[in-house]
Amino acid sequence: MACRTHDVIERAEHWGAHNYHPLPVVLTKAEGPFVWDIEGKRYLDMLSCYSALSHGHRHPRILAAAQKQMQEITLTSRAFHNVAYADFCEKLSKLAGLDMTLPMNSGAEAVETALKIARAWGYRTKKVPSGKARIIAAEGNFHGRTIAIVSFSTEEAYRAPFGPFVPGFDIVPFGDADALEKAITPETVAFLVEPIQGEGGIIIPPEGYLRRIRELCTKHNVLLMLDEVQTGLARTGKMFAFEHEGVKPDVLILGKALGGGLLPVSACVGTREVMSVLKPGEHGSTFGGMPLSMAVGNEAIDVLVEDDLSARAARLGNEVVAMLRNAKLPGVREVRGRGLLIGVEFEDFIGGAMTVVEALMHKGVLAKDTRVDTMRLAPALTIEEKDLFEGIETVMSTIREVAASRKR
Ligand code: PLP
């Protein structure tokens, strides 16, 4: 490992907590779909900060919007009004086909917001007895890292040393609408689910699942809360993944790409009936809704819409998935994808997706595993076709090399 890289990693490991296991690469510069390390080597970024960099790194329009806002006003707190906040709430509510928006910062905070809204709606509107509200989540879910959220994680690694956990959650298998119907009780207030499980390994539910769960939630007076932190905002080939089945949630949770690759911006968007259960003082965030974040969020949305990035994600994603499948790559069990959210699952003899990820790093392509055996490919939606297909060629040749070097 080169000397400057080594020095930075050593200090990071010494002074920083070890809650991640990063690849041994120190990034210092970025543009569009590319990043450069401290030694000057260029990489194609096929992770895109887990979809937060859907616009690519340092998108010129988003940088300009931030710079303009920085010349005017950046932080107000929600104790006062600001123009960019009003613009953002209107823009995002209309984009989602919903009525009201509550901006936060991280994805987990937006999920927490949704959980609180669901419980408050349960008591105030559905009239569930006080303290009895229950929320159903799906097996294999990933909604963030707070205590409440890991309380309904089914992944032991996310929960192990963090109990006692928050009560009031039930788990059903992902993709099984009948199991959801069986689990609903008069005390169920919401079903929280990802339309495609991202961290869970790019797991796409059976066709018709979203329609069925929408019907069931309506039938039983249960809120459908879709966590589109990873799938939303053009990533899967539609502006929102729920559009693939023509349904609409009661509450939509967004994050990641909402910050345009620049800032942490998240939001809970919902119907007026549901969002109106919150009263002043019951929920908030010092930085949520700040003018700088809102200006960035507004521009991030405009770029997605004006450049029709969902159509681009759909077209390029189809081509990439077809390329990867048609190549019949050794050691690949399955290729799953919707739009430019793609998972490549490896057979056991490969020794985990990290084996391929590390080999790819040496070839100048950055990707990451999700769970043990799946590699996620999620390039910027703005990536030039030439760069994308060159990157995919590198992915394919690297998989062949890794497979050849390992015994079945
Ligand atoms: N929800 C989903 C579906 C996610 O994929 C993530 C992050 O990967 C989160 C919530 C949490 O977002 P954050 O890391 O910004 O808190």
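For the numbers below, each heavy atom of this structure counts, side chains included, while hydrogens, waters and symmetry mates do not. Numbering of ligands and ligand atoms starts at 1, following listing order. Residues: numbered from 1 along the sequence shown.
D170 meets the side-chain contact (heavy atoms from CB on, under 4.5 Å) test with R134, I136; sequence neighbours excluded.
Residues R61 and V303 form a side-chain contact, since some pair of their non-hydrogen atoms from C-beta on lies under 4.5 Å apart. Residues I9 and D7 fail the side-chain proximity criterion, which asks for heavy atoms closer than 4.5 Å.
Figure legend: R145 and Y158 shown as a cation-pi pair, the cationic atom lying under 6.0 angstrom from the six-membered ring centre and within 45 degrees of its axis. For the pair R406 and F349, the NZ or CZ position fails the cation-pi test of under 6.0 Å to the six-membered ring centre and within 45 degrees of the ring normal.
You'll find the ring centres of F174 and Y209 inside the 6.0 Å limit.
For ligand 1, the protein residues placed under 4.0 Å by at least one non-hydrogen atom are S106, G107, A108, F142, H143, G144, E194, E199, D227, V229, Q230, K256.
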